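Structure, as structure tokens:
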Number of protein chains: 2
Amino acid sequence: MIFSKSTEYAIRATMFLCLNSSGNECFKINTIASAIDSPPFFTSKILQTLVRQNIISSTKGPNGGFYVDKKSKPIILYDLIIAVEGPDFFDKCLLGLSTCTEKNPCPLHKDFKKHKEELKQLFKKKSVSDIMTENNNGKINLKI
Amino acid sequence: MIFSKSTEYAIRATMFLCLNSSGNECFKINTIASAIDSPPFFTSKILQTLVRQNIISSTKGPNGGFYVDKKSKPIILYDLIIAVEGPDFFDKCLLGLSTCTEKNPCPLHKDFKKHKEELKQLFKKKSVSDIMTENNNGKINLKI
DNA sequence: AACATAATATGATTTTTGTCATGTGTGTTA
DNA sequence: TAACACACATGACAAAAATCATATTATGTT
Ligand code: FES
Ligand code: FES
């Protein structure tokens, strides 16, 4: 709805990693892709950008794959989104004007500002593992 | 941010029409496009889909153009958005799953549901002319 | 050294965005 | 009324971006 497919895959894949890695196991891209119903090669490319930005990790070779380092700091959803969509994702104008400011607001700015800020704060507050533990009474739904 | 360029242009153009039409004047596409900084031919095509869906009106020939019928019912933002993005825009899953339901929710559903509903209601409540009158203390900003 | 897998590069495909040419209806004018 | 100009309507086309697929390379494991 508001994210690109790339971001959707990035979040779903990272959720899968957080959910299934208890130690420091690796998951190869085919495992991940079939677990979240995504095109494997495309997903791999997206995960690589997450690796480069130190959101997740990877190792090559046999028994290699992608993983999340449980010992490093938790993965904040906001950082994950920004990593794929770009740093100004939450600061864009709803109507596509070049800047979203109080000084030169578009007609919808006043009404939309609050919701935008709330969404931003929601994603800044929650980590992927937060989401996983909040939902672990039912089963986690990551497939189409 | 959450809309396609098409929808952004649709909203900006309709705002321009509401703002500038006191009687039933027409505005030709070049006037509209330069007023909202949009590609004229592309914008024209978008406005034509709005005409087909009875959101705005148009007349051909000299002194023709696009206009909003002041006597017909106000243009609700929700209807405008749906007309371009499609009828299920506000019912999509944030993570791209096929359905957004309480029965099979994605991990973010619980946290996102409230905000999605609020946004939906915001757009359902406000008409384009509402927005125009709310903002008419400053000058209306529709250009990039 | 052989193998498995991520990383990288590259290309194909699809969707979105934008442009062009032509058709069609409408009003003006002679 | 006939010619003409005007501006939307329509569909073909092009460029750009996003998405998806394949091949090659590099690297770590055994
Ligand atoms: S200026 Fe448009 S949302 Fe802030
Ligand atoms: S199921 Fe994903 S937002 Fe409702």
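Everything numeric in this text was worked out from a predicted model, so none of it was measured.
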Quiz item: Is there a donor in the side chain of Glu8(B) and an acceptor in the side chain of Ser4(B), or the other way round, less than 3.5 Å apart?
Solution: no
Practice problem: Name the nucleic acid region contacted by Ser44(B), choosing base, sugar-phosphate or nothing; use a 4.0 angstrom heavy-atom cut-off, strictly under. | Solution: nothing
Quiz item: With clusters built from Ile, Leu, Val, Met, Phe, Trp and Tyr whose side-chain heavy atoms come within less than 4.5 Å, directly or transitively, what are the remaining members of the cluster of Phe42(B), listed by chain and number?
Solution: Tyr9(B), Ile46(B)
Quiz item: Can you tell me how far P of dA4(C) sits from CD1 of Ile29(A), to the nearest Å?
Solution: 19 Å
Exercise. Would you classify Tyr67(B) as touching base, sugar-phosphate or nothing, given that sugar-phosphate means primed atoms plus P, OP1 and OP2, and contacts are heavy atoms under 4.0 Å?
Key: nothing
Quiz item: Is the distance from OP1 or OP2 of dA9(D) to the nearest side-chain N or O of Gln48(B) less than 4.0 Å?
Solution: yes
Quiz item: More 5' along DNA chain C: Pro40(B) or Val51(A), using each one's nearest nucleotide?
Solution: Val51(A)
Quiz item: Counting only heavy atoms not in Lys70(A), do more than 12 sit closer than 6.0 Å to its NZ atom?
Solution: yes
Quiz item: Reckon Asn63(A) has a side-chain N or O less than 4.0 Å from the OP1 or OP2 of dT30(D)?
Solution: yes
Self-check item: Length of the line joining Ile32(A):CD1 and dT5(C):C1', which is rounded to integer Å
Solution: 12 Å
Quiz prompt | Phosphate OP1/OP2 of dA7(C) contacted by Ser58(A) side-chain N/O (<4.0 Å) | solution = yes
Practice problem: Identify, between Thr59(B) and Phe27(A), the residue whose nearest nucleotide on DNA chain C lies closer to the 5' end. | Solution: Phe27(A)
Quiz item: Could you give the CG-to-P distance, from Leu50(A) to dT8(C), as a whole number of Å?
Solution: 13 Å
Exercise. Assign Tyr9(A) to base, sugar-phosphate, or nothing according to its heavy-atom contacts below 4.0 angstrom with the strands shown.
Key: sugar-phosphate
Quiz item: 5'-most contact on DNA chain D: Phe41(B) or Ser6(A), nearest heavy atom basis?
Solution: Phe41(B)
Self-check item: Pair Asp91(B) + Lys120(B), salt bridge at N-O below 4.0 Å
Solution: yes
Exercise. Return the value, rounded to whole Å, for the distance between atom CD1 of Ile46(A) and atom P of dA18(D).
Key: 12 Å
Quiz item: Taking the side chain of Phe42(B) as heavy atoms from C-beta outward, which of dG11(C), dA7(D), dG18(C) is closest to it?
Solution: dG18(C)
Quiz item: Out of dG18(C), dG28(D), dT8(C), which has the shortest distance to the side chain of Arg52(A)?
Solution: dT8(C)
Quiz item: Is there a donor N/O on one and an acceptor N/O on the other, under 3.5 Å, for the side chain of Lys45(A) and the base of dT10(C)?
Solution: yes
Practice problem: Quick one: label Leu47(B) by what it contacts on the DNA or RNA (base, sugar-phosphate, nothing), any heavy atom closer than 4.0 Å. | Solution: nothing
Quiz prompt | Pair Arg12(B) + Asp37(B), salt bridge at N-O below 4.0 Å | solution = no
Quiz prompt | Nucleotide of dA6(C), dT17(C), dA9(D) approaching Lys60(B) most closely (side-chain heavy atoms) | solution = dA9(D)
